[in-house]
There are 2 protein chains.
Amino acid sequence: MKEKRQVLIIDDHPLFREGIKTIISRNGRFEVIDEAGTGREGFEKASQLKPDVVLLDISLPDETGMEVARKIRHHLPHTRIMILSMHSKIDYIVEAFQSGATGYVIKESAAERLAQALEAVASGEYFLDSSISHEVIAKLMNSPVKEAKVSDAGYGKLTSREQEIMRMLAEGASKGQIAEQLCISVKTVENHRANIMRKLDIHSAMELVRYAARLGLIDVDLWKE
Amino acid sequence: MKEKRQVLIIDDHPLFREGIKTIISRNGRFEVIDEAGTGREGFEKASQLKPDVVLLDISLPDETGMEVARKIRHHLPHTRIMILSMHSKIDYIVEAFQSGATGYVIKESAAERLAQALEAVASGEYFLDSSISHEVIAKLMNSPVKEAKVSDAGYGKLTSREQEIMRMLAEGASKGQIAEQLCISVKTVENHRANIMRKLDIHSAMELVRYAARLGLIDVDLWKE
DNA sequence: GGGTGGCCGGGAGAATTTCCCGGGAGAAAT
DNA sequence: ATTTCTCCCGGGAAATTCTCCCGGCCACCC
């Protein structure tokens, strides 16, 4: 009987780790030797235990999964890295593999898929979650049609002045900058801002940015270069 | 009993068409209604017969499969196009899907794969031959396209606690929520936040969200519904 | 004329930010 | 063992900002 492949889980959600462990325990060819909740802890345990496969969440409290992957890849070339992610965005996938991952599975996948992926990755094969193909292809077909449907129930109730100020707010302008550029007092800007927030029922700068992004007032894709 | 899906084959090799026909005939859910050896003939028959699926070879005597795909896509939006190719080069794959293909299968694949692909494509799903994943991934890994490995200088200088708080901040959590969840005082959260802003040289909530989005800490695409 | 609504500002108190401070814990160096 | 360092945790006080309410001005419409 051959030795079981050793697996290290790095994910910040204990419940999720439990789920993974039970799934893996049903497969006789793998065993979970340890787990970690942060990138740093994960890297240390990986360095120490030298597992065959690392199951790595993409979002961790301290570092991104990509960073951890790069470090593991560098220090432990023989350890295979499989990324677990909630996202099926092509950008994440690309970066994951460029960071040294050998497999990429999204968390919504069925349990059997994880086992299948483990088999492939442990034997050195690349594995791309097949349910991702759809996303990847959709990205490839990427029609640059960006419908700026700037029509929302709440947004229409804003006056033109308020819409103008909201745009500047969403673009990150400070109250002082807006006041200067519009030649009005900071106080007025504050009042407009308060009116905008009330009409749109939003309560933080974060929500305002999100709202603006959803309406296409600002192009969040530019942030990702 | 439901009607069989109608399939048109466009390929310049008669023997290959025969092979495809026998494979499809073993599957009760599809039937080959006609076949063509050139792009022009294929497009004419497609326009006339309006098949559910067109099996399209990438290399044809008169036109490329991509050109035929674009024409079919344009005139028959409801007809699914599945590319058959000997090549698994990423460039072909990209171009195929950009030309309107819904599936991509390489000719070396097993017969069952074709049936599986037909099922997927006929029901509107994208299908990418899984034996291609390896090629695609290999391409991704040494893709010169991706630069800017901005896992970022500044972010690495944040302590794990600061990174943790930064993520919560970017996700829109208020100071009070963070303090409660982390069981620390609001004051401490404010201090961490100030440290983060200083280390990253950002000066507004907006910039913080942008920074987090660029690093992939948050998924701005979710905002767009 | 009177009413309405947008735009502009102010005032006062509440809330937040900013900057400075120091203690404690743990790790690493000496 | 001790020092040193960094990080996490908070407090205090001043500065800034937010929030809500106020009034004036102007344009437009019954």
Side-chain angles (χ1 to χ4, degrees), chain A residues 12 36-45 47-48 60-63 67 71 152-212, chain B residues 153-212:
Chain A
D12 58 337
T38 68
R40 173 177 304 192
E41 182 190 2
F43 176 67
E44 289 171 358
K45 289 190 173 177
S47 303
Q48 179 185 349
L60 297 170
D62 50 349
E63 303 173 274
E67 292 168 347
K71 291 198 296 183
D152 187 86
Y155 191 69
K157 305 185 90 64
L158 266 51
T159 68
S160 61
R161 191 62 153 177
E162 286 166 349
Q163 293 182 1
E164 180 180 9
I165 289 177
M166 172 161 177
R167 248 193 306 276
M168 302 179 71
L169 247 19
E171 283 165 358
S174 71
K175 292 189 301 292
Q177 290 172 327
I178 296 176
E180 183 181 4
Q181 190 166 339
L182 264 39
C183 296
I184 59 179
S185 98
V186 174
K187 210 73 180 86
T188 304
V189 178
E190 285 176 2
N191 280 327
H192 281 306
R193 176 181 172 284
N195 290 333
I196 293 169
M197 295 260 191
R198 182 173 40 78
K199 287 185 179 178
L200 264 36
D201 191 35
I202 56 185
H203 307 88
S204 70
M206 165 75 186
E207 279 185 87
L208 192 147
V209 174
R210 172 185 301 219
Y211 195 96
Chain B
Y155 189 69
K157 305 188 93 61
L158 265 53
T159 68
S160 61
R161 190 62 150 181
E162 286 166 349
Q163 292 181 359
E164 181 178 10
I165 289 178
M166 171 163 176
R167 176 170 302 139
M168 301 178 71
L169 246 17
E171 283 167 356
S174 71
K175 293 188 302 290
Q177 292 172 325
I178 296 175
E180 184 180 4
Q181 188 166 343
L182 264 38
C183 296
I184 59 179
S185 95
V186 174
K187 205 76 178 100
T188 302
V189 177
E190 287 174 0
N191 281 327
H192 281 306
R193 177 181 173 283
N195 290 333
I196 292 168
M197 295 237 176
R198 182 172 43 76
K199 287 184 181 179
L200 265 36
D201 191 35
I202 57 184
H203 306 88
S204 71
M206 165 70 188
E207 280 185 86
L208 192 148
V209 174
R210 169 189 300 219
Y211 197 96

Problem set entry | N-O pairing of E190(B) and K187(B) below 4.0 Å | yes
For this session: Report the distance from atom CE of M197(B) to atom C1' of dT16(C), rounded to the nearest whole Å.
Result: 12 Å
For this session: Specify the separation, in whole Å, of atom CD of E190(A) and atom P of dC22(D).
Result: 18 Å
For this session: Write down the distance between NZ (K187(B)) and P (dC9(D)), rounded to a whole number of angstrom.
Result: 15 Å
Seminar exercise, completed: When rounded to whole Å, the CD1 to P distance for the pair I178(B) and dT16(C) reads 13 Å
Exercise. If you find the nucleotide of DNA chain D closest to N191(A) and the one closest to V186(A), which residue's nucleotide is nearer the 5' end?
Worked result: V186(A)
For this session: Report yes if a side-chain nitrogen or oxygen of T159(A) is closer than 4.0 Å to either non-bridging phosphate oxygen (OP1 or OP2) of dC7(C); otherwise report no.
Result: yes
Exercise. How long is the line joining CD of E164(A) and P of dG6(C), in whole Å?
Worked result: 16 Å
Exercise. dT16(D) C1' sits how many Å from H203(B) NE2, rounded?
Worked result: 16 Å
For this session: Mind checking T188(B) for me? I need base, sugar-phosphate or nothing, with any heavy atom below 4.0 Å counting as a touch.
Result: base
For this session: To the nearest Å, give me how far apart NE2 (H192(A)) and P (dG6(C)) are.
Result: 11 Å
For this session: Give the nucleotide from the list dC7(C), dG9(C), dG10(D) with an atom nearest to the side chain of S185(B).
Result: dG10(D)
Problem set entry | dT19(D) OP1/OP2 closer than 4.0 Å to side-chain N/O of R193(A) | yes
Exercise. Any Lys/Arg nitrogen of E44(A) or R40(A) sitting under 4.0 Å from an Asp/Glu carboxylate oxygen of the other?
Worked result: no
Exercise. Got E164(B) and L182(B) here, is their nearest side-chain heavy-atom distance under 4.5 Å?
Worked result: yes
Exercise. CD of E180(A): more than 12 outside heavy atoms within 6.0 angstrom?
Worked result: no
Seminar exercise, completed: Checking dG10(D), dC8(D), dT17(C) against the side chain of I184(B) (C-beta onward), the nearest is dG10(D)
Problem set entry | Euclidean distance, atom CG of residue N195(A) to atom P of dC7(C) [Å, nearest integer] | 9 Å
Problem set entry | N/O (side chain, R161(B)) to phosphate O (OP1/OP2, dC9(D)) under 4.0 Å | yes
For this session: For the residue pair T159(A) and K199(A), establish whether any side-chain heavy-atom pair is separated by less than 4.5 Å.
Result: yes
